[in-house]
Protein chains: 2
Amino acid sequence: MSTQQGFERRYQAPEREPIIEVDERLFLKSAARSFYVLEAFARSPRPLSLAEVAKAAKISKSAAQRVVQTLLVLGYLERSPTGTGVVPGRRILDRSFDYLRSNPLIERATPILTELRKTCGERVDLSLFDDVTILYAIRLQSKRETFYATLSGRRMPTFATAGGRAMLACLDDRHADEIVRRSKLAPLTPKTLVDPALIRQRVEEARRDGYAYVLEESLMGEIVVAAAVVKERNMPVGAIHIAGSLAEWSAEDFRKRFAPLAIEAARALSG
Amino acid sequence: MSTQQGFERRYQAPEREPIIEVDERLFLKSAARSFYVLEAFARSPRPLSLAEVAKAAKISKSAAQRVVQTLLVLGYLERSPTGTGVVPGRRILDRSFDYLRSNPLIERATPILTELRKTCGERVDLSLFDDVTILYAIRLQSKRETFYATLSGRRMPTFATAGGRAMLACLDDRHADEIVRRSKLAPLTPKTLVDPALIRQRVEEARRDGYAYVLEESLMGEIVVAAAVVKERNMPVGAIHIAGSLAEWSAEDFRKRFAPLAIEAARALSG
DNA sequence: GCATGGGTATCGTAGATCGATACAACCGTT
DNA sequence: AACGGTTGTATCGATCTACGATACCCATGC
C-alpha cells in the first residue's frame with residue numbers, strides 16, 4: 001500500500017559534510033558580540049540590566065553599554081516598559097518576516113497547511129530540520145493550546161518529536177544514529193524515549209510506515225503524527241505535524257485517521 | 001452604551017519625547033553593518049550574491065565578505081539552496097521566539113485571541129503600535145488567506161488600517177495628526193483614504209465608537225474591525241483586528257456582529 | 001579562448017573599539 | 001539623612017580589530 005512506499009530511498013550523505021567553519025581572520029568578533037547579546041534572552045526571557053547583559057554575553061560592561069545603545073537605536077532591543085533593563089525589540093519581527101517570506105517552502109506550505117487544519121480540526125505544524133533540533137516555522141492551532149505550542153521559532157529535540165523521527169527516517173542509518181548520539185537525551189516527559197536503541201526502532205518503524213508518531217513524549221496527553229518533507233535525493237528539509245489530545249482520541253484512531261493526511265500533505269510539498 | 005465609552009480619556013504625550021538617539025561615540029558602526037546586511041532582504045526577498053549584499057548594505061565587497069561569513073557561522077544567514085548567494089537563516093526564528101516569549105502582552109493575548117477566533121470564525125490578528133506603522137505579531141487565520149495575511153512580522157501603515165486608526169483614536173489630536181503627517185500617504189488599494197482630513201474624520205469616529213473599521217483600504221474585498229489595547233494613561237500599545245470578506249458579509253452586519261467582540265477582547269488585554 | 005560573475009584568500013595600515021574608571025540617579029534600609 | 005546597593009551614562013588614550021585594494025580560483029556562457 002502507498003503509505004509503505006516512498007521512504008525506501010534514503011538520503012545519501014555527500015562525500016564531505018559542508019562544515020560551516022571559516023578562517024578566523026574573516027570572523028568579525030565585534031559583529032558576533034551583538035548577536036550574543038540578543039541571544040542572552042534565549043536563556044532568560046525577561047528584562048536584562050546592562051550588568052546582566054554583560055555577564056550573559058561574556059563581555060565587559062563597557063562593551064555591553066555600546067552594544068545595547070547600538071541595538072536600541074536599530075530597534076533590535078527596547079527599553080523595558082517596566083523602567084529598568086532592556087528586552088528584545090520589535091525590529092526582530094521584521095527579520096523573521098523576511099525569513100519566512102524568503103523561504104519558498106514556507107510560502108508553498110501555507111495554503112496546504114491551512115487546508116489541512118480545516119480538514120483535521122487539530123493543530124497543524126510545519127517544522128524545519130536543523131540537525132539535533134527541529135524548528136517550528138508555521139503553527140496553526142485550533143483548540144486552546146499551551147502558549148509555547150503556539151509559537152513559531154520554538155525548537156524541540158529531533159529525537160523526541162514525531163517530525164524529527166520522520167526526518168531521521170529519511171537519512172541513512174549512519175547519519176541518523178549520529179544525530180541521536182550528538183543529542184542531549186534528556187526526557188521531556190516521563191514517557192520520552194531516551195534509549196538510542198528504542199529510538200532507532202521507532203525511526204525504522206517510521207521508515208516502514210512513511211510517517212512517525214509520538215505518544216506523550218514531549219507533552220503529556222498529546223499525540224502527534226508527522227510525515228517528512230524531502231527535497232532531491234530524499235534529503236529531509238521539514239515535516240508536517242498533526243497534534244491532538246488523548247482526551248479526545250485513542251492513539252489508534254488518531255493514527256489511522258490523520259497519518260494519511262500528513263503523508264499526503266508532506267508529499268505535496270516535497271520535490 | 002458601553003461601546004461608546006472608554007475611549008474618552010486620551011493619551012497625553014509626556015513632556016519630552018524619549019528620543020532614541022545616542023552619542024555617536026557609543027554607536028558601533030561595525031555591529032550595525034551586520035544588521036544592514038540582514039535588512040537587505042527586506043527589499044529583495046531572494047538569494048543575494050556577495051556583490052549584491054555589498055551594494056545593498058553600502059559596504060565594500062571585502063566587508064560584505066566578512067559580515068556574510070560571520071553571519072553564516074552564527075546561522076543568521078544560510079547559503080541559498082539554489083547554490084549561489086545567501087538567504088536569511090533559521091537562527092532568526094530563534095530570536096523572534098525570544099521576542100514573542102519576552103513580551104507579556106503576547107502571552108496574555110494568545111488564549112484570548114484563540115477564543116476569539118473560535119467564536120468569530122474569521123481571521124483574528126494582534127498588531128503592535130509602532131509609530132507610522134503597525135506590526136502584526138499574532139495572526140490566526142481561519143479561511144484561506146493571501147500568503148502575506150498569514151505572516152507575523154508584517155508591517156502596514158498606521159493610517160490605513162483598522163487597528164492603526166483605533167490606536168490613533170487613543171492619542172490626542174496633536175499626536176495623531178503628526179503621525180499621519182509623517183506617514184507616506186500612498187494608497188494600497190483604490191479605496192485607501194489618503195486625505196488627512198478624511199482620515200482624521202475616521203479617527204474621530206473610532207474615538208466615538210470605541211472601535212475602527214476599514215473597508216477595502218488595504219485589500220480589496222476585505223473588511224476589518226479593530227479595537228485598541230491600551231496601557232496606563234490610555235496609551236495605545238496594540239490592537240485586535242477581526243477581518244472578513246465582503247463576499248460573505250455586508251459591511252453593516254460585519255460591524256454589528258464583530259465590533260463588540262473586538263472591543264471586549266481589547267479591553268480584557270488592556271491594563 | 002576569453003569574458004563575466006560568482007566565492008575565496010592575503011596583508012599592511014588606519015582608526016574604531018576596548019575597558020578601566022568616574023559620575024549620576026535612583027532605590028530600599030537602617 | 002546618610003548608607004550601600006543598584007541602575008544607566010560619560011570619558012579617554014592605547015591596542016588590536018576590521019578595512020578595502022588586490023589577486024586568485026572556479027564555474028558558466030558564448
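To the nearest 0.5 angstrom, B:Phe129 atom CZ is 6.5 Å from B:Leu168 atom CG. The SG atom of B:Cys170 lies 12.0 Å from the NE2 atom of B:His175; values are rounded to the nearest 0.5 Å. Here B:Ser127 contributes atom OG and B:His241 contributes atom NE2; the two are 2.5 Å apart, rounded to the nearest 0.5 Å.
If you measure from atom CG of A:Leu26 to atom C1' of C:dG7, you get 11 Å, rounded to the nearest angstrom. Atoms NZ (A:Lys55) and P (D:dT7) sit 11 Å apart, rounded to a whole Å.
For B:Phe35 and A:Phe35, the ring centers are positioned less than 6.0 Å apart.
Taking a cutoff of 4.0 Å between a charged side-chain nitrogen and a carboxylate oxygen, B:Arg43 and B:Glu52 do not qualify as a salt bridge. Contact check on B:Glu107 versus B:Arg101 returns no salt bridge, with no Lys/Arg side-chain nitrogen under 4.0 Å from an Asp/Glu carboxylate oxygen. For A:Asp177 and A:Arg182, the salt-bridge test fails: no basic side-chain N is under 4.0 Å from an acidic carboxylate O.
Set against C:dG7, C:dT17, D:dT9, the side chain of B:Leu50 has C:dG7 as its closest nucleotide.
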> So B:Gln65 and A:Leu26, side chain to side chain contact (heavy atoms under 4.5 Å, CB included) or not? Walk me through it.
Replying inline: CA-CA 8 Å; B:Gln65 178 191 6; A:Leu26 287 177; 3.8 Å; yes
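Where pairing requires Watson-Crick or G-U contacts shorter than 3.5 Å, the helical stems of DNA chain D with at least three consecutive pairs are C:1-23 with D:8-30, C:28-30 with D:1-3.
Ranked by how close their nearest DNA chain D nucleotide is to the 5' end, A:Lys29 and A:Val86 are led by A:Val86. Judged by closest nucleotide on DNA chain D, A:Ala51 is the one of A:Ala31 and A:Ala51 placed further toward the 5' end.
No side-chain N or O of B:Ser60 forms a donor-acceptor pair with one of B:Ser62 less than 3.5 Å apart.
Listed pair B:Arg79 / C:dT8 meets the phosphate criterion, a side-chain N or O lying under 4.0 Å from OP1 or OP2.
Geometrically, A:Arg139 engages A:Tyr136 in a cation-pi contact defined by less than 6.0 Å to the ring centre and at most 45° from the axis.
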>> Strictly under 4.0 angstrom, non-hydrogen atoms only: write out the protein contact profile of nucleotides 25-30 of chain D, one letter per nucleotide from the 5' end, B, S or -.
In response: ------
>> At under 4.0 Å between heavy atoms, how does the protein contact nucleotides 18-28 of chain C? Give one character per nucleotide, 5' to 3', with B, S or -.
In response: BBB--------
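For the pair A:Leu269 and A:Ile112, the minimum side-chain heavy-atom distance is below 4.5 Å.
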